[in-house]
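Here's the structure, in structure tokens; my notes come after.
Every chain is numbered from 1 and lettered A, B, ... according to where its sequence line falls, protein lines coming before strand lines.
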Protein chains: 2
Amino acid sequence: MGCRRRRLYRLVRTGRDLFPRRSAAGGQNGRYVRAVDTRERLVEAMQDLLWERGYVGTSPRAVQERAGAGQGSMYHHFRGKADLAAAALERTARDLGGRTEEVLTGAGSPLERLTLNLTRERDVLRGCRVGRMTQDPEVVADDKLRAPVDEAFRWVRRMYADVLAEAVAAGELPDTIDPQQVAATLVAVVQGGYVLARASGNPADFALAVDGALSLLRGLAA
Amino acid sequence: MGCRRRRLYRLVRTGRDLFPRRSAAGGQNGRYVRAVDTRERLVEAMQDLLWERGYVGTSPRAVQERAGAGQGSMYHHFRGKADLAAAALERTARDLGGRTEEVLTGAGSPLERLTLNLTRERDVLRGCRVGRMTQDPEVVADDKLRAPVDEAFRWVRRMYADVLAEAVAAGELPDTIDPQQVAATLVAVVQGGYVLARASGNPADFALAVDGALSLLRGLAA
DNA sequence: GTCTATATACGGATAGAC
DNA sequence: GTCTATCCGTATATAGAC
């Protein structure tokens with residue numbers, strides 16, 4: 001009976017059935033519907049919690065509750081918290097790099113693509129899923145956890161630098177700029193923009209910082 | 001005897017004598033020597049730990065150990081973890097604002113002062129004591145904790161904007177720039193620079209981002 | 001593969017002696 | 001003002017049934 005009460009409690013907290021039918025959803029036909037697999041749900045839950053609360057602020061239990069999975073499942077699929085977090089971080093880093101690449105290699109002139117990526121819709125007050133991790137002492141201290149973060153930033157900075165070099169080649173920017181340097185600056189402005197916005201609680205501060213950077217770039221172009 | 005063992009343990013972990021002599025150090029003659037007062041040591045220990053581990057990552061016990069104080073002392077001087085953290089954050093925010101003001105209102109032309117503050121010696125890999133807090137969910141959620149962070153950034157941005165306006169008045173920068181906007185950009189570059197450096201483990205990435213921003217500014221001046 | 005039970009330590013705080 | 005003892009809950013993991 002204590003058992004019954006506990007099950008009900010978990011049902012309420014997670015909003016999921018404790019015993020989901022496997023056939024309810026699926027990834028068949030290449031169409032992604034929803035996470036069905038327990039392992040998959042665990043990874044996604046960890047991704048969310050890392051974003052919201054960071055690594056030190058996230059407990060295995062919280063992950064399990066959000067995933068609608070029990071202790072046993074988590075420790076069956078992963079060696080522990082760090083292992084699951086590593087899987088989640090790799091996923092997050094890859095997703096973010098992919099989205100940036102999509103915009104930066106899309107249509108438009110180099111400067112247009114940069115502007116598009118800098119001003120694209122963002123969940124500003126929730127911060128950057130990847131950049132956030134650099135503030136976590138246990139992530140930075142563990143190479144397995146820091147590696148995906150490091151690679152994501154290298155990848156994004158590389159893409160920015162390439163587009164900036166294109167802009168110079170196209171005559172949109174003077175050849176006095178150092179693409180690698182300005183790429184670091186632009187990526188930093190985005191990361192710092194999140195910081196300013198979260199400090200004030202106002203997303204407009206993100207936009208202000210980014211617009212300032214763009215005005216400096218355009219000042220050079222003129 | 002269990003008692004004796006516990007004391008020895010604490011001695012080793014904190015590197016402080018459990019019963020420091022009060023007369024060993026002092027703040028007399030206006031010369032600051034070292035924290036003597038237990039309350040003061042608690043605040044300083046919390047400042048350090050907030051910097052290293054953030055709010056969610058810092059336990060009252062850890063603070064007490066670092067301060068060489070017991071449970072009773074902490075709960076005598078403060079209502080709890082949040083109360084002590086608020087005191088520590090106010091102190092940190094004030095210190096940092098003061099240091100920035102010192103440089104930005106010091107000697108040199110406006111642009112020189114900006115450059116000086118952006119390139120001054122920093123403990124880059126340890127990150128920003130204030131900006132770091134914006135990544136902590138419990139700090140952002142608690143107005144008492146977020147307020148000092150918010151105010152510090154307002155204050156610093158205001159000072160940057162003033163100096164930028166001075167630079168325009170002095171003819172060092174064109175009047176096409178928006179001082180408030182560019183101030184947000186420069187503060188963001190610093191905050192983002194910390195993120196890049198911590199991601200790669202390389203302080204040079206901070207310098208790269210800052211130098212890029214300065215090169216954009218100087219491009220306008222020319 | 002998933003569940004429940006159990007284990008040891010820590011988190012955050014209170015009580016009350018000295 | 002400072003200390004120790006104690007409290008209840010959570011963090012992280014293991015054991016072993018089903």
Side-chain angles (χ1 to χ4, degrees), chain A residues 1-11 13-14 16-22 35-43 45-46 49-50 53-86 138 142, chain B residues 1-11 13-14 16-22 35-43 45-46 49-50 53-86 136 138 142 145:
Chain A
M1 71 185 201
C3 204
R4 184 174 295 239
R5 194 140 72 221
R6 198 172 300 170
R7 284 183 180 175
L8 180 58
Y9 177 69
R10 187 139 97 206
L11 201 83
R13 294 276 300 226
T14 65
R16 284 178 194 277
D17 192 308
L18 256 190
F19 307 107
R21 281 162 300 150
R22 299 305 169 67
V36 202
D37 184 54
T38 296
R39 187 194 156 91
E40 179 64 21
R41 288 204 314 276
L42 283 164
V43 171
M46 181 57 103
L49 285 166
L50 286 177
R53 308 203 26 101
Y55 183 76
V56 300
T58 297
S59 67
R61 178 176 299 199
V63 178
Q64 290 152 208
E65 280 181 3
R66 188 169 295 213
Q71 288 272 87
S73 295
M74 190 189 122
Y75 285 97
H76 171 74
H77 291 291
F78 302 95
R79 276 193 306 263
K81 174 181 170 177
D83 190 33
L84 171 50
E138 301 189 8
D142 181 340
Chain B
M1 70 187 203
C3 203
R4 185 173 295 240
R5 193 140 72 222
R6 197 172 300 171
R7 285 182 181 177
L8 180 58
Y9 179 72
R10 188 141 96 202
L11 200 84
R13 294 276 300 225
T14 64
R16 283 179 196 273
D17 193 309
L18 257 189
F19 307 107
R21 281 163 300 150
R22 298 306 169 68
V36 202
D37 185 51
T38 297
R39 186 193 157 93
E40 178 64 21
R41 288 205 314 276
L42 284 164
V43 171
M46 180 57 104
L49 284 166
L50 286 177
R53 307 201 28 99
Y55 183 77
V56 299
T58 296
S59 67
R61 178 176 301 199
V63 178
Q64 290 151 209
E65 279 182 4
R66 187 169 296 214
Q71 288 273 87
S73 295
M74 190 190 121
Y75 286 97
H76 171 73
H77 291 292
F78 303 94
R79 277 192 305 262
K81 174 180 169 177
D83 190 33
L84 171 51
D136 199 301
E138 301 189 9
D142 182 341
L145 294 176

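- Here the straight-line distance linking atom NE2 of A/H77 with atom CG of A/L42 works out to 6.5 Å at 0.5 Å rounding.
- Phosphate contact (OP1/OP2 of D/dT2, side-chain N/O of B/T38, threshold under 4.0 Å): present.
- One atom, CE of B/M46, and another, C1' of C/dG11, lie 12 Å apart when rounded to the nearest Å.
- Here the C1' atom of nucleotide C/dT2 and the CG atom of A/D37 are 13 Å apart, to the nearest Å.
- To the nearest 0.5 angstrom, A/R53 atom CZ is 5.0 Å from B/E138 atom CD.
- With rounding to whole Å, A/E65 atom CD is found 17 Å from C/dT2 atom P.
- A distance of 9.5 Å separates CZ of A/R39 from NE2 of A/H76, quoted to the nearest 0.5 Å.
- Each of B/A62 and A/H77 was assigned the nucleotide of DNA chain C with the nearest heavy atom; the assignment lying further toward the 5' end belongs to A/H77.
- The CZ atom of A/F78 sits 15 Å away from the C1' atom of C/dT2 (whole-angstrom rounding).
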Fill in: Sequence-aligned protein contact record of nucleotides 12-18 of chain C, with B where the base is within under 4.0 Å of a protein heavy atom and S where only the sugar-phosphate is
SBB----
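- Counting to the nearest Å, the P atom of C/dG11 and the CG atom of B/L84 are 15 Å from each other.
- The separation between A/R53 atom CZ and C/dG11 atom P is 15 Å, rounded to whole Å.
- Here D/dT12 presents its P atom at 12 Å from CG of A/L49, a figure rounded to the nearest Å.
- Under 4.0 angstrom from either OP1 or OP2 of C/dC3 there lies no side-chain N or O belonging to A/H76.
- Between B/A82 and B/L145, the shortest heavy-atom distance links the atoms O-CD2, 3.7 Å.
- One finds the CE atom of A/M46 at 15.5 Å from the CZ atom of A/R41 (value rounded to the nearest 0.5 Å).
- Distance check: B/L84 CG to B/L50 CG gives 8.0 Å after rounding to the nearest 0.5 Å.
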